[in-house]
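The first residue of the sequence shown is numbered 1, and numbering continues consecutively from there. Scope of the values below: all heavy atoms of this structure, side chains included, with no hydrogens, waters or symmetry mates.
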Amino acid sequence: AVYAQVFGPEEKGGFDFEKTFQPGNRRWAFDGSLVEGAVKSLSDGVNAFYLARRVYSPTARELTMSLGSDDGLRIFVNGRDAYGNNIERGAVPDQDRVTIKLDQGVNDVVFKVVNTGGAAGFAHRLVASEGEIPHDLFAAILPEDSLSTAMQERTAKSWRMTHSEEARALVETREKL
């Protein structure tokens with residue numbers, strides 16, 4: 001029932017920090033602990049969690065993502081139902097590989113994780129196309145003195161998360177503590 005139920009965030013315009021959703025007048029909140037490629041633990045119980053990100057695309061194109069979820073997962077792009085997997089499982093990275101269609105400009109990608117009981121979790125990472133530089137690694141081609149310290153750190157972290165299974169495993173272990 002929760003998998004098919006519409007709570008609001010999945011609708012077009014649902015990724016709005018000012019908007020409230022039922023039940024309980026819930027709002028979007030920024031969570032800086034989400035790390036691309038690592039499992040993010042979510043609250044136990046029978047419920048639905050919404051996570052979102054904005055993706056800018058210079059042209060209309062397809063984007064491939066690698067996903068993991070505990071349990072079911074739905075994806076909405078600009079309010080359009082783009083993917084669904086109504087399943088019961090534990091979350092690990094790279095369980096599903098999905099290609100979604102992006103519009104030119106800013107795209108709201110909303111992930112609905114449906115938990116059927118017990119622990120819940122979610123993992124995602126964008127998969128770069130052949131010859132494409134992943135988003136956070138783009139700064140690596142710029143002169144180092146043109147980057148802020150924060151951007152240098154973000155680029156280094158992105159490199160580790162993109163190219164090191166050990167780094168992703170350490171982040172996941174730390175998340176469980």
Side-chain angles (χ1 to χ4, degrees), residues 3-4 6-19 21 27-40 48-69 72-87 91-114 122-165 167-168 171:
Y3 183 84
V6 175
F7 294 99
E10 57 270 88
E11 297 173 335
K12 185 167 179 72
F15 188 33
D16 178 350
F17 283 99
E18 301 302 315
K19 195 171 185 177
F21 303 98
R27 292 181 179 269
W28 286 107
F30 178 77
D31 184 347
S33 69
L34 287 170
V35 176
E36 192 167 327
V39 173
K40 166 70 175 167
F49 297 91
Y50 290 88
L51 302 99
R53 71 181 293 167
R54 287 212 160 104
V55 178
Y56 175 78
S57 179
T59 61
R61 65 175 66 193
E62 292 185 340
L63 173 69
T64 301
M65 293 183 288
S66 183
L67 306 161
S69 64
L73 177 66
R74 295 185 70 187
I75 301 174
F76 301 89
V77 179
N78 300 325
R80 295 185 308 267
D81 195 344
Y83 174 77
N85 190 359
N86 192 2
I87 191 168
V92 295
D94 305 322
Q95 290 172 307
D96 300 320
R97 192 175 186 100
V98 176
T99 300
I100 60 172
K101 294 180 187 290
L102 298 177
D103 298 334
Q104 180 178 2
V106 177
N107 293 267
D108 290 339
V109 181
V110 175
F111 304 93
K112 179 181 182 179
V113 180
V114 178
F122 173 73
H124 87 293
R125 69 180 173 86
L126 303 181
V127 178
S129 300
E130 179 90 20
E132 182 179 77
I133 299 172
H135 61 285
D136 280 348
L137 291 180
F138 187 80
I141 66 172
L142 300 173
E144 191 170 326
D145 62 352
S146 70
L147 302 175
S148 68
T149 302
M151 191 64 207
Q152 289 175 12
E153 291 170 0
R154 183 173 163 178
T155 302
K157 181 178 181 181
S158 181
W159 179 265
R160 288 189 302 273
M161 293 304 292
T162 301
H163 296 287
S164 171
E165 287 184 32
R168 288 191 297 271
V171 168

Taking all non-hydrogen atoms of both residues into account, name the closest pair between Phe122 and Ala91 and its distance. N-CB, 4.2 Å
Smallest heavy-atom separation, Gly68 atom then Gln95 atom, equals CA-OE1, 3.1 Å
Partner residues of Arg27 under the salt bridge (charged side-chain N to carboxylate O under 4.0 Å, His left out) criterion, sequence neighbours left out: none
Between Glu36 and Leu126 the two heavy atoms that sit nearest each other are OE2-N, 2.7 Å
Under the side chain to side chain contact (heavy atoms under 4.5 Å, CB included) test, which residues partner Tyr3, sequence neighbours left out? Arg74, Asn86, Val114
Salt bridge (charged side-chain N to carboxylate O under 4.0 Å, His left out) filter on Glu62, not counting sequence neighbours, yields Lys101
Does Arg97 have any salt bridge (charged side-chain N to carboxylate O under 4.0 Å, His left out) partners at least two apart in sequence or in another chain, and if so, which? none
Sequence neighbours excluded, the answer for side-chain hydrogen bond (donor to acceptor under 3.5 Å, both in side chains) partners of Thr149 is none
Closest approach of Val110 to Trp28 (non-hydrogen atoms, all atoms of both residues): CG1-CH2, 4.2 Å
For Phe111 and Leu73, work out which heavy atoms get closest and say how close. CB-CD1, 4.4 Å
Sorted by chain and number, sequence neighbours left out, side-chain hydrogen bond (donor to acceptor under 3.5 Å, both in side chains) with Ser164 holds for none
In short, Pro93 meets Ala123 closest at the heavy-atom pair CA-CB, 4.1 Å
